[in-house]
Amino acid sequence: MSGTTNNAKNNVKSGTFDDDAYDVVVVGAGAAGLSAALVLARARRRVAVVDAGGPRNAPAAHMHGFLSRDGMSPADLLAVGRAEVAGYGVDLFESRVDQIDPGFSVRLDGGAVLGARRVVVATGLRDELPAIPGVRERWGKDLLFCPYCHAYEVRDQPIGVLGTHPGAVRHAQLLRQWSHDVVFFAHTLDLGAEEREQLAARGIVVAEGTVKRLVTDGDRLRGVELVEGHVVPRSAVFVFPHMVPHDTLLTGLGCERDLNGWVTTDNAGRTSVFGVWAVGNVSDAKALVITAAGQGAAAAFVLNHDLVAEDVDRAVKDGSSSSREPQHLPRPVPRTASSG
């Protein structure tokens, strides 16, 4: 990025800010981040959205369960969302945020700095998949995770579930809702007697042995091969990935985590650090696309109230009826941060 902008000189405790600072910088342009930006822009806040691309659901051809957008591709949803927020004057930066300094100075890769009164982090998570040949190649096609997102499309077909995560047994029980033919591949899990009894009670077959690879025929999954050479025919396989939040920016600011290692928020996405919100999968692994969008909107609602309260306090302290005008100003030109 080129050009210049002023660093924000916000003081977290006093809430003072430069006139050149954005009201809110949103990091991440998925459903959560764009939804927050949309509500804030309609509240006539000055908003920037920074995103480096690579959304979690990029491998999926379609998303489901989003009212009025069922079956839409994730890429199309984000394109529409970007166009909507841009129409309200939101500044979109295609970049990665390297660091957020207390105050807040949002440092982009390449050295540009955006000042902000508040920040919303919606950076999502990454799915770590088991090191089984074929898994990475079939991910988002016929190697799936979320039943609510994709199980209906493979209903009544032969489904497999890989036993690579402690939650895999529960996953298999859930998928039994969509198919009578579910095979659980024990793989590396040591199933207990109660788990085996529950699987059997639901008619879920347990395939013993280690999974060697996923077998394909052309561009279609054919089955799951075990180490002894036996192939169990399957049309779709589900896996419970290890989910790792992209929360470095949040933890760098000192945001608290829960016992499971996820950044804690209140119902509006407010973290333990003043002025910092977290929405979507970065703080909630279970959030579907529509859930993440709702979280972004809810956070924006409360965040704007927070800013209004600060605006009122500032106006009273200034002893004047004049205050910062609620308007979209021209985009400030990013300045390269000094090496010091």
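Here, residue 1 is the first one in the sequence, and each next residue gets the next number.
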Within one Ile-Leu-Val-Met-Phe-Trp-Tyr cluster: [X] and [Y], side-chain cutoff 4.5 Å:
X	Y	answer
V282	V289	no
L191	L175	yes
V232	V205	yes
V224	V161	no
V239	L144	no

May I ask you to test the [X]-[Y] pair for a side-chain heavy-atom distance under 4.5 Å?
X	Y	value
P59	W139	yes
F238	I159	yes
D219	R138	yes
V244	L125	no
T264	R257	no
T216	R220	no
V25	F104	no
N281	R56	yes

Which pair of non-hydrogen atoms, one from [X] and one from [Y], has the smallest distance, and what is that distance?
X	Y	result
C146	L288	SG-CD2, 3.7 Å
A36	A300	O-CB, 3.5 Å
G160	R234	N-CD, 3.5 Å
G28	V49	O-CG1, 4.1 Å
A61	P74	O-CD, 3.8 Å
A186	V206	CB-CG1, 4.3 Å

Short N-O contact, R126 and E128, less than 4.0 angstrom: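 Result for this pair is yes, salt bridge flagged.
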Trace of the salt bridge (Lys or Arg N to Asp or Glu O under 4.0 Å) decision for D98 with R107: CA-CA 6 Å; D98 287 337; R107 299 176 180 270; over 6 Å; no
Counting only N and O atoms by type, is there a donor-acceptor contact under 3.5 Å from the side chain of [X] to the main-chain atoms of [Y]?
X	Y	answer
S179	Q157	yes
H187	V211	yes
E153	H62	no
N260	W262	no
T251	T248	yes
R155	Y152	yes
R176	R202	yes
E137	G134	yes
D23	R45	no
D258	G261	yes

Candidate pair T164 and I132, rule side chain to side chain contact (heavy atoms under 4.5 Å, CB included), full reasoning: CA-CA 10 Å; T164 57; I132 298 174; 4.2 Å; yes
Stepwise side chain to side chain contact (heavy atoms under 4.5 Å, CB included) check, L40 with L38: CA-CA 5 Å; L40 288 165; L38 179 63; over 6 Å; no
Salt bridge (Lys or Arg N to Asp or Glu O under 4.0 Å) assessment of E310 paired with R117: CA-CA 10 Å; E310 184 175 273; R117 299 171 64 189; 2.7 Å; yes
Nearest-0.5 Å distance, [atom1] of residue [X] to [atom2] of residue [Y]:
X	Y	atom1	atom2	result
K212	T210	NZ	OG1	12.0 Å
L129	L143	CG	CG	7.0 Å
F240	H242	CZ	NE2	11.0 Å
L250	S283	CG	OG	8.0 Å
L199	F184	CG	CZ	6.5 Å
L34	L78	CG	CG	6.5 Å

Derivation and outcome, side chain to side chain contact (heavy atoms under 4.5 Å, CB included), residues M72 and F66: CA-CA 9 Å; M72 190 177 194; F66 197 129; over 6 Å; no
Ring geometry between H171 and F145 (parallel below 30°, tilted from 30 to 60°, perpendicular above 60°):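 Answer is tilted, since the angle falls between 30° and 60°.
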Residues E194, R196; criterion salt bridge (Lys or Arg N to Asp or Glu O under 4.0 Å); working and verdict: CA-CA 5 Å; E194 183 177 4; R196 289 181 179 276; over 6 Å; no
E197, CD atom: more than 12 neighbouring heavy atoms under 6.0 Å: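 No.
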Test salt bridge (Lys or Arg N to Asp or Glu O under 4.0 Å) applied to R69 and D76, step by step: CA-CA 10 Å; R69 296 295 181 266; D76 286 347; over 6 Å; no
Worked check of side chain to side chain contact (heavy atoms under 4.5 Å, CB included) between L303 and V24: CA-CA 9 Å; L303 196 159; V24 185; 3.5 Å; yes
No-hydrogen, no-angle side-chain donor-acceptor test under 3.5 Å, D284 and Q295: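 Yes.
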